[in-house]
Amino acid sequence: GVITLSPAKIESYLRCPNEFYWRYVLNAPSVPTAVLVYGNAVHAGIETFHRLRKDGVVDRSRLTAGAIDQFHVSWQDEGFVSAKQAHDLKIRGEATLTRFVQQNLTERQPTRFESWVHLTLDQTIAIRGRIDAVWTQSEIEIRDYKTSESVLDETVALKKAKANLPLLIYGYAIREETGRTPDRLS
């Protein structure tokens with residue numbers, strides 16, 4: 001049979017083979033963490049922003065409200081060490097999405113967002129993953145949005161992107177799909 005991996009599974013194995021075995025082979029139950037809840041909710045808000053823009057919405061307040069509303073809909077009150085931590089991360093998430101909308105309001109629309117890719121390496125191994133955003137108009141750019149840390153310097157951000165295993169895998173998958181090597185991973 002074919003073993004299907006994801007970038008997250010590969011990162012888990014490289015970080016700690018025992019963690020990989022526990023989580024993905026034994027299917028041990030896991031509890032949500034604050035970082036995971038926060039990241040998923042922010043990603044849902046970003047996806048809503050892109051969908052609204054694709055549908056023709058250009059008003060900043062509508063885009064911001066839509067992204068923040070989806071953030072709250074996607075939020076789960078699990079995995080936090082305290083109510084204060086949950087509250088603080090909700091405030092941070094709203095600010096992050098407000099800033100994201102402002103910074104991306106006039107940027108070109110991605111060709112695809114929250115898009116699945118499937119890469120077959122050989123007859124026994126495949127990789128399946130979900131790309132946050134892809135632009136294929138003139139040059140190819142792949143973005144993997146990160147919520148775990150703030151990197152304000154673009155040079156540092158690009159250096160981190162080049163070491164991002166999921167981005168490298170997605171770049172390879174897009175190259176296989178389009179015949180073109182991505183110009184930018186960010």
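Only this structure's heavy atoms are used, side chains among them; waters, hydrogens and symmetry mates stay out. Since we're looking at a predicted model, the values are computed, not measured.
A salt bridge between D88 and K84 is present, with a side-chain N of the basic residue lying under 4.0 Å from a carboxylate O of the acidic one. A salt bridge does not link R53 to D55: none of the charged nitrogens lies less than 4.0 Å from a carboxylate oxygen. Checked for salt-bridge contact, E94 and R92 miss the test: no charged N lies under 4.0 Å from a carboxylate O.
Under the 3.5 Å distance criterion, the side-chain polar atoms of E177 are left unmatched by any main-chain donor or acceptor of A173. No side-chain donor-acceptor contact under 3.5 Å links D183 to the backbone of E139. Without hydrogens or angle criteria, Y170 side chain to R130 main chain gives a donor-acceptor distance under 3.5 Å. S12 contributes no side-chain N or O that, together with a main-chain N or O of A8, makes up a donor-acceptor pair within less than 3.5 Å. Side-chain atoms of T111 come within 3.5 Å of backbone atoms of T136 as a donor-acceptor pair (strictly under, hydrogens ignored).
For the residue pair Q70/S74, the side-chain donor-acceptor check at 3.5 Å is satisfied. T96 and Y38 form a side-chain donor-acceptor contact under 3.5 Å, judged by distance and modelled atom types alone.
The ring of Y24 has its center no closer than 6.0 angstrom to the ring center of Y13.
For R112 and W135, the positive end is not near the middle of the six-membered ring at less than 6.0 Å and at most 45° from its axis. In this structure, R51 forms no cation-pi arrangement with F113, as its terminal cationic atom is not both closer than 6.0 Å to the ring centre and no more than 45° off the ring axis.
In summary, of the residues considered (L63, D59, T64), a side-chain contact (heavy atoms from CB on, under 4.5 Å) with S61 occurs for D59 alone.
No side-chain heavy atom of L5 sits under 4.5 Å from any side-chain heavy atom of R128. Between R180 and R175 the shortest side-chain heavy-atom distance does not fall below 4.5 Å.
Taking the six-membered ring where tryptophan is involved, the planes of F80 and W75 are essentially parallel, since the angle between them stays under 30° and well short of 60°.
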Quiz item: Stepwise, does the side-chain hydrogen bond (donor to acceptor under 3.5 Å, both in side chains) test hold for H43 with E114?
Solution: CA-CA 9 Å; H43 270 75; E114 296 300 325; 5.0 Å; no
